Amino acid sequence: MPHAVLGAVARAETLTERVYDQLKQALIAGVFSPGEKITIRQLASKLDVSPTPVRDALNALVSEGALELGRNRSVYVPVLLPGRLRELIEIRIALEGLAAEKAAPHMTPDRIAALEDHNRALVAATRSGDFKTVMERNQLFHFSIYEASGMPSLLRMIESLWLQTGGYLNLIYPAFAAGGQGLDNHDQILQALRSRDPAAVREALTRDIRYAADRVTATLRNGEV
């Protein structure tokens, strides 16, 4: 006798999942700094939820290596040793370069317009000194490109890397904004995407990631944090 056709069981996203998603995006966007302690009570108050879904979401992020447990089960944003940070940056360059390369042929006018909107908001926030918005828009700019690759498994790998390195963007502002090279790098990425040139997109994106990484390394070396 043939099996009955099985269908997906519809269910609403749980509160824990919604909290997890918000925390994940905050870590990716660099809202939290390396070594920062994350307090369940404060987060629950900010998100207007009970401590339980916050605790469950934090435990999930700890299990994924995005956060770590300290003494008395306190939760912290990990501090990476320089060698580990360099390793993650090299992997980011390889994977994000691939995603950008694959995205280039799929850059429709609507996608380009959305990227330009993110970049304009990033420029405006840079000029006004709103670096929290700068980091959020930077994340949206990059991931809008990677999503266009049509490679969800690759996107999940990139998300994992940003979960581990996103906080380090905090270390380079406001000094990073003063030079303007980061904005120039985004302009070059956009130009390559408008031309749908995979090699040029990869080259421009690699330059952007490596430039920011060099600023982070210099900041750590000089003990400016």
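Quantities reported herein were computed from a predicted structural model and do not represent experimental measurements.
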**Study point:** Within 45° cone and under 6.0 Å: R207 NZ/CZ vs Y211 ring
**Key:**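 Not satisfied by the 6.0 Å and 45° rule.
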Nearest 0.5 Å, please: how far is [atom2] in [Y] from [atom1] in [X]?
{"X": "L155", "Y": "E96", "atom1": "CG", "atom2": "CD", "result": "10.0 Å"}
{"X": "L23", "Y": "F32", "atom1": "CG", "atom2": "CZ", "result": "6.0 Å"}
{"X": "H106", "Y": "E147", "atom1": "NE2", "atom2": "CD", "result": "13.5 Å"}
{"X": "I40", "Y": "S45", "atom1": "CD1", "atom2": "OG", "result": "13.5 Å"}
{"X": "E64", "Y": "N59", "atom1": "CD", "atom2": "CG", "result": "11.5 Å"}
{"X": "H186", "Y": "N138", "atom1": "NE2", "atom2": "CG", "result": "4.5 Å"}

Check your understanding: When you look at D117 and R120, which way does the side chain to side chain contact (heavy atoms under 4.5 Å, CB included) test go after all the steps?
Key -> CA-CA 5 Å; D117 284 345; R120 275 193 293 270; 2.4 Å; yes
State plainly whether one hydrophobic cluster holds both [X] and [Y], where clusters connect Ile, Leu, Val, Met, Phe, Trp and Tyr through side-chain heavy atoms under 4.5 angstrom apart.
{"X": "L80", "Y": "Y76", "result": "no"}
{"X": "L140", "Y": "V134", "result": "no"}
{"X": "V79", "Y": "V77", "result": "yes"}
{"X": "L98", "Y": "I93", "result": "yes"}

Which atom pair, heavy atoms only, marks the closest approach of [X] to [Y]?
{"X": "S149", "Y": "A103", "result": "N-CB, 3.7 Å"}
{"X": "A94", "Y": "R202", "result": "O-NH1, 3.9 Å"}
{"X": "A100", "Y": "V201", "result": "CB-CG1, 3.4 Å"}
{"X": "G167", "Y": "P34", "result": "O-CD, 3.1 Å"}
{"X": "A66", "Y": "P78", "result": "O-CD, 3.2 Å"}
{"X": "E136", "Y": "A29", "result": "CA-CB, 4.1 Å"}

Side-chain touch [X]/[Y], heavy atoms, less than 4.5 angstrom:
{"X": "L27", "Y": "K24", "answer": "no"}
{"X": "V216", "Y": "I89", "answer": "no"}
{"X": "N119", "Y": "D187", "answer": "yes"}
{"X": "T52", "Y": "L15", "answer": "no"}
{"X": "I145", "Y": "I189", "answer": "yes"}
{"X": "Q25", "Y": "I28", "answer": "yes"}
{"X": "L122", "Y": "L183", "answer": "yes"}

Practice item. May I have the step-by-step check of side chain to side chain contact (heavy atoms under 4.5 Å, CB included) for I158 and F143, ending in yes or no? Key: CA-CA 9 Å; I158 294 171; F143 276 84; 3.9 Å; yes
Hey, does the side chain of [X] reach the backbone of [Y] with a donor-acceptor pair shorter than 3.5 angstrom?
{"X": "S74", "Y": "R71", "value": "yes"}
{"X": "S33", "Y": "E36", "value": "no"}
{"X": "T165", "Y": "L161", "value": "yes"}
{"X": "R196", "Y": "M107", "value": "yes"}
{"X": "T217", "Y": "A213", "value": "yes"}

**Study point:** Evaluation steps, side chain to side chain contact (heavy atoms under 4.5 Å, CB included), between L205 and H142
**Key:** CA-CA 9 Å; L205 185 82; H142 279 265; 3.6 Å; yes
**Study point:** Neighbour count above 12 (heavy atom, 6.0 Å) for R73 CZ
**Key:** no
Review point. When you look at CD of Q191, are more than 12 heavy atoms from neighbouring residues, nucleotides or ligands closer to it than 6.0 Å?
Key: no
Between [X] and [Y], is there a side-chain N and carboxylate O pair less than 4.0 Å apart?
{"X": "R84", "Y": "E87", "result": "yes"}
{"X": "D21", "Y": "R18", "result": "no"}
{"X": "R86", "Y": "E90", "result": "no"}
{"X": "R194", "Y": "E116", "result": "yes"}

Review point. Could you go step by step and tell me if V31 and M135 meet the side chain to side chain contact (heavy atoms under 4.5 Å, CB included) rule?
Key: CA-CA 8 Å; V31 172; M135 289 186 286; over 6 Å; no
Point to revise | Polar contact flag, side-chain donor to acceptor under 3.5 angstrom, E203-Q188 | key: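 Looking only at side-chain atoms, Q188 and E203 do not form any donor-acceptor pair under 3.5 Å.
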